[in-house]
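In what follows, a single structure is set out as structure tokens and then discussed.
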Amino acid sequence: MAARVLRGRYWHPAGNGFVSCGLCHHQCRIPTGGSGLCRVRANEDGRLVLPFHGAISSIAVDPIEKKPLYHFFPGSSVYSVGYVGCNLHCPFCQNHEISQSTTATVKYVTPMEIVVGAKASGCQAVAHTYSEPVVHAEFVIEAMRASRSAGLRSVLVTNGCARPEAAAGLLEYCDAVNVDLKAWDQDWYRNELGGDLDTVTSFITLAHRSGVHLEVTTLIVPGGNDDDTQIDGIAGFLAELSEHIPLHLSAYRPMYRYTTPATPTSTIRRLAGVAGRHLRFVYAGNLWGERNETLCPACGSVLVSREGYRVNTSGLQNGRCARCGSSVPVIS
Ligand code: SF4
Ligand code: SF4
């Protein structure tokens, strides 16, 4: 299917042929013939258009734990679709070939084709992931709506850099979201990554209040965000919403423009201790061989055990602890 260049939402005319995109914190002022920072929203004759509407760069069936989501149907598989473009420019992006460029081979699909693909795969959920889905909000919302009509759940894996109107639209048809909260330092967020801390915390707050299942990931980058104060700030903020929000502290590995050596295991363990002063469920990610268990908050027995992507859910029974019968914050 060929590209369908559609008119976008979340913009207004900005005079002299410019358009102003209001989807994210950058609020790009785009000249005729130009594109926004994310590369996928463009000005054509004084209108904001979407040349990559429905352009998919990757499709795979992944364990839900890879998103990562640990408290949302553990052990299940999710039909995962990726796009091109991103509104951030993280210099350690592991998907930089598709996030920082639009030259990857893409296939144009309709929301219904995603639904048909997911059904054929046997998955019960579709994840919008890999590059940044929010810059394709119009298409992702259509796909989530089609998925819900077809009885499929929707998962969003995002940097959370969407302003309130787009954020509300995305969360309306979303069942679970994993948001990257990359730092607790506005300067590093803005200058090194191109993000905005306030926009992300607002997105997380909205997701929590909307009742969408929420988990948060922080990639621990040595020399960037690996001090106790940052993780204390992140975990404290999340705990004010709910001490049951799972936080994934993932180890960075050298990638793209960063050559700094990988995050030591000892750093992740130390920071997990800091976060654990605020939150009940803190997980170490990207550490091979690390066991990650979910314990019952009431009796301490193992609800879910994980080794790599091998998952054992025998400690769960109908959404309760199989041992003590307490209701637990894991959707299964
Ligand atoms: S979504 Fe893209 S075009 Fe719109 S403000 Fe953000 S970076 Fe700019
Ligand atoms: S927000 Fe995610 S996809 Fe975008 S550049 Fe950063 S790591 Fe890559």
Side-chain angles (χ1 to χ4, degrees), residues 7-14 18-44 47-53 57-58 66-68 80-102 104 127-141 156-167 169-170 177-183 188-197 199-200 203 216-221 224-225 248 250-258 285-286:
R7 189 166 171 159
R9 291 181 61 191
Y10 319 112
W11 68 279
H12 62 265
F18 281 76
V19 299
S20 177
C21 176
L23 195 154
C24 85
H25 59 288
H26 291 299
Q27 301 191 64
C28 297
R29 194 166 174 270
I30 310 171
T32 301
S35 302
L37 275 171
C38 59
R39 304 175 175 84
V40 297
R41 306 176 71 82
N43 180 344
E44 185 183 85
R47 299 174 313 150
L48 189 139
V49 296
L50 308 171
F52 293 92
H53 188 84
S57 62
S58 26
K66 196 175 176 182
K67 299 302 107 189
S80 302
V81 296
Y83 300 86
V84 289
C86 182
N87 48 352
L88 270 61
H89 51 249
C90 308
F92 40 76
C93 179
Q94 62 179 358
N95 291 319
H96 60 92
E97 292 96 343
I98 54 172
S99 74
Q100 302 303 306
S101 160
T102 51
H128 302 270
T129 178
Y130 303 135
S131 63
E132 180 48 57
V134 303
V135 296
H136 300 281
E138 294 88 343
F139 181 81
V140 171
I141 292 168
L156 190 64
V157 182
T158 177
N159 61 32
C161 284
R163 295 177 72 236
E165 186 188 355
L170 283 159
V177 59
N178 186 299
V179 185
D180 278 352
L181 179 48
K182 292 172 185 285
W188 195 69
Y189 232 123
R190 187 178 293 147
N191 300 332
E192 194 68 4
L193 316 178
D196 181 66
L197 177 59
T199 304
V200 183
F203 187 97
V216 172
T217 299
T218 303
L219 184 79
I220 304 298
V221 183
N225 62 353
H248 302 263
S250 288
Y252 142 96
R253 298 208 184 101
M255 190 67 70
Y256 190 31
R257 296 193 169 131
Y258 262 28
N286 276 359

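Keep in mind that what you see is a predicted model, and the values were worked out from it rather than measured. In each ligand, atom 1 is the first atom listed, and ligand 1 is the first ligand listed.
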**Asked** What protein atoms of element N, O or S are positioned under 2.8 Å from atom 8 (Fe) of ligand 2?
**Response** Cys93 SG

**Item:** Non-hydrogen side-chain atoms of Thr217 and Leu181 separated by less than 4.5 Å
**Value:** no

**Asked** Under a 4.5 Å cut-off applied to non-hydrogen side-chain atoms, are Cys24 and Thr199 in contact?
**Response** no

**Asked** Counting only protein N/O/S, how many atoms fall short of 2.8 Å from atom 6 (Fe) of ligand 1?
**Response** 1

**Message:** I want to check something: taking the side chain as every heavy atom from C-beta on, are Pro31 and Val19 in contact at a cut-off of under 4.5 Å?
**Reply:** no

**Prompt:** Got Glu44 and Arg7 here, is their nearest side-chain heavy-atom distance under 4.5 Å?
**Reply:** no

**Asked** What residue and atom, counting heavy atoms only, is the protein's closest point to atom 2 (Fe) of ligand 2, and at what distance?
**Response** Lys182 NZ, 4.0 Å

**Item:** Trace of the side-chain contact (heavy atoms from CB on, under 4.5 Å) decision for Thr129 with Lys67
**Value:** CA-CA 8 Å; Thr129 178; Lys67 299 302 107 189; 3.6 Å; yes

**Request:** Please state whether the rings of Phe139 and His53 are parallel, tilted or perpendicular, taking 30° and 60° as the class boundaries.
**Result:** perpendicular

**Request:** Report the relative orientation of the aromatic rings in Trp188 and Phe92; use parallel for angles under 30°, tilted for 30 to 60°, perpendicular for over 60°.
**Result:** parallel

**Request:** Show your working on side-chain contact (heavy atoms from CB on, under 4.5 Å) between His25 and Leu88 and close with a plain yes or no.
**Result:** CA-CA 10 Å; His25 59 288; Leu88 270 61; 4.1 Å; yes

**Request:** Can you label the angle between the His96 ring and the Tyr256 ring as parallel, tilted or perpendicular, going by 30° and 60°?
**Result:** parallel

**Asked** Applying the side-chain contact (heavy atoms from CB on, under 4.5 Å) test to Ser99, which of Cys86, Cys38, Ser57 qualifies?
**Response** Cys86

